Amino acid sequence: MARFLRPLLRGTTYTRLLHLWVPILIVSVWMFIDSSKPYVPALVLIPVGLIPAVRIGEGVQAQLLLTPGREDSGISVAPSATWRDRGRTVLWLEARMALGWATTFACVWLPIISFELIEVARGRVPDDVWVLKEAAPNGWYALLAPLPLIALYAAIVGLGELATLLARKLLGPSRAEQLAALEERTEQLLERNRIARELHDSIGHALTVAVVQAGAARAAGDPEFTERALGAIEETGRAALEDLERVLGVLREAERPVSSRPTLVDADRLLESARASGAKVDAEVTGPLETVSGPVSREGYRILQEALTNVLRHAGSVPVRVRIQVADGTLDLEVRNPLPAAIPGPGRGSGLRGIRERAALLGGRAYTGPDEGDWQVHAELPLG
């Protein structure tokens, strides 16, 4: 019984009732003007529903009164963008008025009928309720008095649920809005993945350099070498902090431009950091790096950073050949080093996967794995 009566304790039941009553207030004003033509308000709703901005107002009302406090209401608050949206708005306005009439009838007449049933049971036959005009006084009518109240309860709850269902169907997001929401969600996921790669590449590189330098300084036992190692750790740590601050800034400001991200023009910083960690880096750069577009140059920088990080992490102080070439509409980037004792299989590790993902997002390709006795990272990125 308590579960049956629970809707009476919910505020949503009464806000939905209010939502259905609002159109009837307008109809009531018209009935004072010309009660012989009650259909006129329904006709007026047709051109009104064709106004694009009306959909916004109806959506706001529906969200506020039919689904109060719910973020996933399924009701749009955007203007009509197509004639299909306008037609759905017209149907909603007509359905809302029809449900309003039904609700008003139930709220007015069902309590009256219940009261008059009690009057008939007491011996008085009412002459203003058509269903009871022919009734003969009888005490048994008192047993029927709760039925109209139960029907009133069912009407209030049921019509409110029906109005909410129709609102989601007729005022719900259009196909264009659903596509826009899907694209926005996709952009958010791509941004999250990009930030994850940024953190992995920049912070991972800095930590790898710091670990390698610290280990080498402890093993060398040379104060002069230790001093150089501490300097390299300090410089790498400072650069990592700058990268971290920039990535956190992206999280705080979604619209912040990415022009401050490092590009291949700043590749010397990576090469010097790898050399300071003990790697013997031989770099060859051909072509005008400064003419490479921002997105391609930034992603190329991160690919180079991850490749050098993997060398320091898995191979240590080994000769490294770096080749960067800009020619024929392509940025060609290659990093090679002698294979370490333990050869990681191609495709393992989030760093290598991130390299391939970066290249694929730009329409290019990347290969990571053994090649003629070396470990190779080779990326080809189109400049267009």
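Note that the structure is predicted; figures quoted are calculated from it, not measured.
Under a 3.5 Å cut-off, the side chain of Ser273 and the backbone N or O of Arg269 do not form any donor-acceptor pair. Using a distance-only test at 3.5 Å, with no hydrogens or angles considered, no donor-acceptor pair links the side chain of Thr103 to the main chain of Leu20. With hydrogens and angles disregarded, no donor-acceptor distance shorter than 3.5 Å links the side chain of Ser297 to the backbone of Gly294. Between the side chain of Thr164 and the backbone N or O of Gly160 there is at least one donor-acceptor pair closer than 3.5 Å. Under the 3.5 Å distance criterion, the side-chain polar atoms of Arg321 are left unmatched by any main-chain donor or acceptor of Asp282. Side-chain atoms of Ser76 never come within 3.5 Å of backbone atoms of Gly172 as a donor-acceptor pair (strictly under, hydrogens ignored). With hydrogens and angles disregarded, a donor-acceptor distance shorter than 3.5 Å links the side chain of Arg55 to the backbone of Asp85. Arg96 contributes a side-chain N or O that, together with a main-chain N or O of His19, makes up a donor-acceptor pair within less than 3.5 Å. Side chain of Gln63 to main chain of Ile75: a donor-acceptor pair is present (N/O by atom type, distance under 3.5 Å, no hydrogens or angles). At least one donor-acceptor pair under 3.5 Å links the side chain of Arg168 to the backbone N or O of Ser73.
Side chains of Ser80 and Arg86: a donor-acceptor N/O pair is absent below 3.5 angstrom, by distance only. Donor-acceptor pairing under 3.5 Å is lacking for the side chains of Asp371 and His378.
Between Pro262 and the choices Arg302, Gln305, Arg298, the side chain to side chain contact (heavy atoms under 4.5 Å, CB included) rule is met once, by Arg302.
Asn337 is linked by a side chain to side chain donor-acceptor pair (under 3.5 Å) to nothing, counting only residues two or more places apart in sequence or in another chain.
For the pair Val27 and Pro38, the minimum side-chain heavy-atom distance is 4.5 Å or more.
Once rounded to the nearest 0.5 Å, the distance linking CG of Leu264 with CG of Leu304 reads 6.5 Å. Atom-to-atom distance recorded for Arg88:CZ and Leu93:CG is 13.0 Å, nearest 0.5 angstrom.
The environment of CG in Asp34 is crowded: more than 12 heavy-atom neighbours from other residues, nucleotides or ligands sit within 6.0 Å. Annotation for Trp30: atom CH2 counts as buried by contact number, over 12 foreign heavy atoms lying within 6.0 Å.
Cluster annotation: Leu17 and Leu162 are assigned to distinct hydrophobic clusters (Ile/Leu/Val/Met/Phe/Trp/Tyr, side-chain heavy-atom contacts under 4.5 Å, transitive).
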